[in-house]
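Heads up: the structure comes next, in structure tokens.
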Number of protein chains: 2
Amino acid sequence: MPSKPLPPITIDAVYAAPGYLFRRMQQIAVSIFIEECKAFDLTPVQYAALIAIHTHPGIDATRLSAVIAFDRSTLGSVIERLQAKDFVERKPAPEDKRIKLLYLTKLGAAILREIIPAVERAQARMLEPLKPTERKALMGLMAQLVDLNNEASRVPLRAEDALEHLGKGG
Amino acid sequence: MPSKPLPPITIDAVYAAPGYLFRRMQQIAVSIFIEECKAFDLTPVQYAALIAIHTHPGIDATRLSAVIAFDRSTLGSVIERLQAKDFVERKPAPEDKRIKLLYLTKLGAAILREIIPAVERAQARMLEPLKPTERKALMGLMAQLVDLNNEASRVPLRAEDALEHLGKGG
DNA sequence: AAAAGATTGTCAGTATGCTGTCAATCTAGA
DNA sequence: TCTAGATTGACAGCATACTGACAATCTTTT
């Protein structure tokens, strides 16, 4: 009985692999986002942070990192940059000296309103090459896969759990 | 005639957005890859580089960056790390003093053979939560989307063009 | 052959993204 | 209460990713 042949070691196998396609698509998505939003000088991550702070004013950095599935260590520098641009401010929490609460500044809220159309354009452009039916199918499968794989990457808290203490979460 | 209402500014809109799902899935994919391949201490990008050099021995860094859709600037340090691990060696090109040709070392080729099963496991795990039909559908749509969006992110050369001078490309 | 232009690898600079560690602080248990 | 454990934000260190610049070198044009 012959042993099962090894798959050929070839770059073409990489091109069809899920990991390659996810990496490449992420690359493309960021590139399109930056292009559409270049007038605002905001990265995708900074945008996500602004939205999350807008949705949950007074959130702290640890919970924010859970809400946008973003590494806690890196988030510090992201917030610093948003602070430097005067989009975000941090206030000490009265009942816990370790925590700094995050709020949008007036400028941050204004930028958020203005950037939304550009972000919508970027999101649309990412899927533009597909037919409408295919777009829906892809987004459905991606949402499902991300949700079911949520535990696979180290995110300290599930978003819902992270928000329990903030009163209502959504 | 009332104007079309703005979409609500809310983190939930982000969760359903293509850009967020692509970023999150890439995060998950890398995490799974690292976990399955931790015995080999190879990152996804380093793995892709090894495969590409194996497929195209004597490739130079610029063409390699096109083949794996990888930024040319970053590639230098990736190769350095592969060289430090003695997986790759660089030889000067006799006919062009600017170019350094890339080859796998014996060790690099051996590692590549050994790591393949772990990589296969990783790739399988990424899609595991989906049903077989859904996996095929998702990979089909992703391959299509990445292909049609190829120009959207700055890759200096298309892979096929990059390989013309190397004789046969695949 | 000389000038103009393109290519190659490298570097500086910025921004994620991750692991691991740490001091300050808060909380729960003995 | 006192202390063991957990949490928070900060940091160090590594590895992508990208822009833009540069000297060395090669190619094309004149």
Side-chain angles (χ1 to χ4, degrees), chain A residues 19 23-24 26-35 38 41-49 59-66 68-85 90 92-102 152-157 161-162 165, chain B residues 19 23-24 26-35 38 41-49 59-66 68-85 90 92-102 152-157 161-162 165:
Chain A
R23 174 175 77 84
R24 188 78 185 100
Q26 154 71 0
Q27 237 177 357
I28 290 166
V30 170
S31 177
I32 291 175
F33 185 103
I34 297 288
E35 200 179 312
K38 60 172 173 288
D41 191 32
L42 264 196
T43 67
V45 166
Q46 289 168 9
Y47 168 75
I59 196 172
D60 63 284
T62 296
R63 251 142 290 272
L64 178 58
S65 79
I68 58 178
F70 196 85
D71 188 72
R72 214 183 56 180
S73 305
T74 321
L75 193 53
S77 53
V78 175
I79 293 173
E80 254 175 44
R81 282 183 279 276
L82 289 174
Q83 232 174 340
K85 293 178 192 174
R90 312 179 82 164
E95 75 291 353
D96 190 333
K97 285 179 203 161
R98 294 170 303 177
I99 294 178
K100 299 177 187 172
L101 307 178
L102 293 164
S153 98
R154 183 186 84 149
V155 177
L157 297 167
D161 298 344
H165 84 297
Chain B
R23 175 174 76 84
R24 189 77 186 100
Q26 155 71 359
Q27 237 177 356
I28 290 166
V30 171
S31 177
I32 291 175
F33 185 102
I34 297 289
E35 200 180 313
K38 60 172 174 289
D41 190 31
L42 264 196
T43 67
V45 166
Q46 289 168 9
Y47 169 74
I59 197 172
D60 62 286
T62 295
R63 251 141 288 273
L64 178 59
S65 79
I68 59 179
F70 195 85
D71 189 74
R72 215 184 53 179
S73 305
T74 321
L75 192 53
S77 53
V78 175
I79 294 173
E80 254 174 45
R81 282 183 280 276
L82 289 174
Q83 231 175 340
K85 292 176 192 174
R90 311 179 83 166
E95 74 294 353
D96 189 333
K97 284 180 204 161
R98 296 170 303 177
I99 294 177
K100 298 176 186 172
L101 306 177
L102 293 163
S153 96
R154 183 185 84 149
V155 176
L157 297 167
D161 297 344
H165 85 297

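For the numbers below, each heavy atom of this structure counts, side chains included, while hydrogens, waters and symmetry mates do not. Throughout, a chain's letter reflects where its sequence line sits, starting with A, and its residues are numbered from 1.
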Short N/O separations, protein against nucleotides 13-16 of chain D, under 3.5 angstrom:
unit_1 : atom_1 : unit_2  : atom_2 : d
D:dT16 : OP1    : B:Thr43 : OG1    : 2.6
D:dT16 : OP2    : B:Gln46 : NE2    : 3.0
D:dT16 : OP2    : B:Arg81 : NE     : 3.0
D:dT16 : OP2    : B:Arg81 : NH2    : 3.3

Nucleotide N/O of nucleotides 24-28 of chain D paired with protein N/O under 3.5 Å:
unit_1 : atom_1 : unit_2  : atom_2 : d
D:dT25 : O2     : B:Arg98 : NH1    : 3.3
D:dC26 : OP1    : B:Lys97 : N      : 2.6

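In this structure B:Ala48 satisfies the side-chain contact (heavy atoms from CB on, under 4.5 Å) test together with B:Ile68, sequence neighbours excluded. B:Gln46 is linked by a side-chain hydrogen bond (donor to acceptor under 3.5 Å, both in side chains) to B:Lys85, counting only residues two or more places apart in sequence or in another chain. Scanning for side-chain contact (heavy atoms from CB on, under 4.5 Å) contacts around B:Arg90 gives B:Ala61, B:Ile79, B:Gln83, B:Lys100, B:Leu102, with sequence neighbours left out. The side-chain hydrogen bond (donor to acceptor under 3.5 Å, both in side chains) test applied to A:Asp96 returns A:Arg98, not counting sequence neighbours. Taking the side-chain contact (heavy atoms from CB on, under 4.5 Å) definition, one finds that B:Glu35 meets it with B:Lys38, B:Arg125, sequence neighbours left out. Applying the side-chain contact (heavy atoms from CB on, under 4.5 Å) test to A:Lys97 and every residue at least two apart in sequence or in another chain returns nothing.
For A:Ile28 and D:dA17, the CD1 to C1' distance is 14 Å, given to the nearest whole Å. Distance CD1 (B:Ile79) to C1' (C:dG9): 9 Å, rounded to an integer number of Å.
In this structure, A:Ser31 does not reach the D:dC18 phosphate: none of its side-chain N or O atoms is under 4.0 Å from OP1 or OP2. Using a 4.0 Å cut-off, no side-chain N or O of B:Gln27 falls inside it from OP1 or OP2 of C:dT16.
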